Number of protein chains: 2
Amino acid sequence: MGLKTWIACAALGATVVTGAGVAVAQDGKAAENAVKVRKAQMQIYAYNLGVLGAMAKGQLPYDAETATNAANSLAAASGMRIPGAWLPGTDSESFEGSRALPAIWENGDDVRAKAVALWEASTDLSDAAGMGLDEMKAAFGPVGGACGACHKAYRAPAN
Amino acid sequence: MGLKTWIACAALGATVVTGAGVAVAQDGKAAENAVKVRKAQMQIYAYNLGVLGAMAKGQLPYDAETATNAANSLAAASGMRIPGAWLPGTDSESFEGSRALPAIWENGDDVRAKAVALWEASTDLSDAAGMGLDEMKAAFGPVGGACGACHKAYRAPAN
């Protein structure tokens, strides 16, 4: 990844969680939209991780272009700054269907660090995905690790 | 937008619609995942367009950082290449809940051109969003136009 890109993206986590800078009214509709957009972001992660995971497990033949597309989409999604997606009042105890534990809003620095870790691992995977199956698999692990670290700490179990 | 970025992204529409290069089995689960991920992509468009639209209409105070975040997210989402999202057999006549008209799969070149138009308008908006309300509004129009052009041609009415 080029330095310019890194600089452009490095601060991505800065407004995650605080919701600062987004003056959307915290009414029901805003909360609903917040949960929808963050679930959409997770869905994009899940789909593309599914493609790469299937290749890593040998369930889908490795293809450099497909792997690169998936990794690039993952990196693009993890680089998005959507602070309004983490509107206060949309935690699992306040909003039906949310699995975002209240601890997210109490540990901003840690959550931001975990978001940056995901983005960094994803951009590494972007660089590696087209270089061969082994290279892709090696870079895939840290992305899975970054997902898991955040889910373990901050996601409520599925009902 | 830098030339390098443009080159990196310019071919984004190349595999849209054909689904080529994604050898995911076309079973029910694959179709469901395809519809989910493209709806997620649309959701990310909708959310960020909502933020920018509210600013354009004066419902939300203009803020350069918030506008830039939203425009960057829009550009990132419209630059994603997720050919598997447009799996054949997931049109509105074949898959419940899909509003993607069968014409999408019959007009690949036009759909690709419309996808590229959205991406180009979104990257222009990315460049303009932080420069002031008037600049953002001027660049917002073409993005709305690109959304509308595709929806008018290829999206079934909501039920």
Side-chain angles (χ1 to χ4, degrees), chain A residues 2 4-5 8-9 11-12 14-16 19-25 29-30 32-51 54-55 59-85 119 126, chain B residues 2 4-5 8-9 11-12 14-16 19-25 29-30 32-51 54-55 59-85 119 126:
Chain A
K4 192 176 166 192
T5 310
C9 303
L12 78 96
T15 59
V16 169
V22 173
V24 176
K29 188 69 184 169
E32 192 184 311
N33 287 342
V35 174
K36 266 191 194 171
V37 74
R38 71 193 191 215
K39 286 192 174 182
Q41 194 176 17
M42 300 290 170
Q43 186 65 42
I44 286 172
Y45 296 160
Y47 180 88
N48 290 290
L49 286 165
V51 171
M55 283 186 200
Q59 297 165 344
L60 186 68
Y62 172 77
D63 172 78
E65 186 185 353
T66 302
T68 299
N69 282 341
N72 285 350
S73 295
L74 198 55
S78 66
M80 289 175 184
R81 292 178 70 175
I82 313 181
W119 175 77
S126 247
Chain B
K4 192 176 165 190
T5 310
C9 304
L12 77 96
T15 59
V16 169
V22 173
V24 176
K29 188 71 183 169
E32 192 184 311
N33 287 342
V35 174
K36 267 190 194 171
V37 74
R38 71 192 191 215
K39 287 192 175 182
Q41 194 176 16
M42 300 289 170
Q43 186 65 43
I44 287 172
Y45 296 161
Y47 180 87
N48 290 291
L49 285 167
V51 171
M55 283 186 199
Q59 296 164 344
L60 187 69
Y62 172 76
D63 173 77
E65 186 185 353
T66 302
T68 299
N69 283 341
N72 285 350
S73 295
L74 197 55
S78 67
M80 289 175 183
R81 292 178 70 175
I82 313 181
W119 175 77
S126 247

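What you see is a predicted model; the values in this text were computed from it and never measured.
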With rounding to the nearest 0.5 angstrom, report the CD to OH distance, B:Gln41 to A:Tyr47. 11.0 Å

Does any backbone or side-chain atom of B:Asn72 lie under 4.5 Å from a heavy atom of chain A? Answer side chain, backbone, both or neither. neither

Closest-packed option against chain A by number of heavy-atom pairs under 4.5 Å, given B:Ala76, B:Ala54, B:Ala46, B:Ala77: B:Ala76

Does some side-chain heavy atom of B:Lys39 sit less than 4.5 Å from a side-chain heavy atom of A:Gln43? no

So for B:Ala85, is it side chain, backbone, both, or neither that comes closer than 4.5 Å to the heavy atoms of chain A? backbone

Would you say the side chain of A:Val37 lies within less than 4.5 Å of the side chain of B:Ile44, judging by non-hydrogen atoms? yes

